[in-house]
Amino acid sequence: MIPNDKADAATETLRGGTRRRRVRSGGGRGVPLPLLLPALLGLAFLIVPLIALLVRTPWHNLPEQLTSAEVWQALKLSLFCATLATAVSMVIGVPLAWLLARVEFPGRGLIRALVTLPLVLPPVVGGVALLMAFGRNGIIGQWLDSWFGITLPFTTTGVVIAEAFVAMPFLVISVEGTLRAADPRYEEAAMTLGASKFTAFRRVTLPLIAPGIAAGAVLAWARALGEFGATITFAGNFPGRTQTMPLAVYLALQSDPEAAIALSLVLLAVSIAVLAGLRDRWMTAG
Amino acid sequence: MTETYDLRTGTESEADGLDAHLVVDRGAFRLDVALTVAPGEVVALLGPNGAGKTTALRALAGLVPLADGHLRLDGAELDRTPPESRPVGVVFQDYLLFPHLSALDNVAFGPRCHGATKAEARTQAAAWLDRMGLSAHGSAKPRKLSGGQAQRVALARALATNPRLLLLDEPLAALDARTRLEIRAQLRRHLADFEAVAVLVTHDPLDAMVLADRLVVVEHGQVVQEGTPAHTARHPRTDYIAQLVGLNLYRGDADGHTVRLDEGPAITTTEDLTGPVFVAFPPSSVTLFRQRPTGASARNLWRCEVAGLETHGDQIRADLTGELPLAADLTTAAAAELGLHPGAEVWATVKAIQTHAYAA
């Protein structure tokens, strides 16, 4: 009797929920079961691992885990490299986005495809490619080495390069989209007032697309922070020098799973913060 | 030596103001417009949408390149000068005030680009805003300004660089009817004060007639008519202008008081002309009858059919087809009395004295 009642109550709640939803979606006929079930499965598939991470977090000794020297070192290095990689991406990525959005030139579609390639390229392949370019025997790296004595792979700079390589496309795509949506006639208006193309870009276009740049920078930063494959391939895994958080997580998982979980929790928290920041600042206000 | 001397004096004495022949190719569309404007004169480019008016304005500003022709301003060749180096100010159709800058900084933008220090530029901008009656709104962002205020900020911004050529693209189109009336009067005063060349683009005949000293009517990329507002309104040469000024317009061959239309019947006029002419008469001069009027002379009497009716203020405008396609205005009462409805057969007459014929 009692279980039955409970089941009824649950059904009632479900129905109520469906009804409310129906009203909100403007008189639709409810969600068909063949869509609802896979949808809920998909939702669970994405959410459950995150919940599992929270469930298995060693909350009792979390403070010690997070304040250990290695974690702190990896976290500092991660934040430093991701921020620098984002800065590099902005300095060269925003002009690239402008070029793609505003200048007609032959092969523009191809160039855009090449720019977006790192988005879909396996990061390990990116790391190998970076080695071929900037490695000690790479096509550019050998000159850097013999002329300037600069070695990039397996250095902190190498981490920044690997992260920028993987993260910059996010920024370029975001900024290019914002530029395309921005009215180019503002630049024309600036030119009729005596501004050169560059002044118009600096004083009019740049402030107008600032939200897009910020959103792109946050995306790029988040991507750089989580970068693993290209970093470990190009920069290696040296604590304090090239061992970023994701590398530390991977390494800790084999020796000290609790530490790995704690580190993962930090990265999860950062990701959620990024998402929340994007939502509040640019998605609703914009 | 002599040649150089002649050339130079010739350029300097004759070429003050704007002397332009604008040819722009845009795929299938070709703009080919000659434009001469004296300093202090306000010229309106009037034409339907898609006629090429805005393209002409953009060519003057240097935002689209000339395919051919020339562009001289105060004797200086400008056709190869980039837009930022032309002494040109533009008021864009939707103003394009920079949304991230205050009204004051929008106006100061031009002087800044012309080398003024930040403080100088702001002082100049404040003076301009003051002249526009906007000194209280200097710190406002464009989105906080009303349409009329934004229009005046845009005008101040364009004037703040002391241009020798002021271009206005549909300067009043974005305003509601009431603001428009007020801003039109203000703009007229500012244009009257402006000592250099002003060219405005509009599809609104009233704006053109109130603001401009001279109209240049552009259709399909060509100048089809040019003259003072009063003359243009009285002597339309295309259906577009005739409709704008509310006249029935026909083209035909005159022989004395009779004009044989190219298509349709003859019209009797008071003017005594020969050769190709236009005949125009206002819709209000047309009288309609349901039966063929007896006793009326057969001259200027046409059998027509009502194609459509619409209210026009407190009048009814009847669109007629038949022997002579024309528009006729009548009072609501008269329309009811006649029992007009689409498809109704009517007889239309116009007195010769109310027609106006002029050489084509």
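Each chain gets a letter, A, B and so on, in the order its sequence line appears, and its residues count up from 1.
- Proximity to chain A (any heavy atom under 4.5 Å) is shown, for B:S85, by neither the backbone nor the side chain.
- Between A:R185 and B:D94 the shortest side-chain heavy-atom distance falls below 4.5 Å.
- When all heavy atoms of B:E84 and A:A195 are compared, the pair lying nearest together is CB-O, 3.2 Å.
- Across all their heavy atoms, A:T192 and B:L63 have their closest contact at CG2-CD1, 4.1 Å.
- Both the backbone and the side chain of A:A190 come within contact range of chain B, judged by heavy atoms closer than 4.5 Å.
- Contact record, A:Y186 with B:F98: O-CE2, 3.4 Å, taken as the closest heavy-atom pair.
- Neither the backbone nor the side chain of B:L167 comes within contact range of chain A, judged by heavy atoms closer than 4.5 Å.
- For B:H70, the NE2 atom is densely surrounded, since the number of other residues' heavy atoms within 6.0 Å is greater than 12.
- B:R184 CZ: more than 12 foreign heavy atoms inside a 6.0 Å radius.
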For residues 203-223 of chain A, tabulate all N or O donor-acceptor pairs below 3.5 Å that involve a side-chain atom, not counting sequence neighbours.
{"unit_1": "A:T205", "atom_1": "OG1", "unit_2": "A:E187", "atom_2": "OE2", "d": "3.0"}
{"unit_1": "A:W221", "atom_1": "NE1", "unit_2": "A:T83", "atom_2": "OG1", "d": "3.1"}
{"unit_1": "A:R223", "atom_1": "NH1", "unit_2": "A:E227", "atom_2": "OE1", "d": "3.4"}

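- Using a 4.5 Å cut-off between heavy atoms, B:R112 touches chain A through its side chain atoms alone.
- The nearest pair of heavy atoms linking A:G194 to B:H114 is CA-CE1, 3.8 Å.
- Enclosure of atom CZ in A:F80 is not indicated, since only 12 or fewer non-hydrogen atoms of other residues, nucleotides or ligands lie within 6.0 angstrom.
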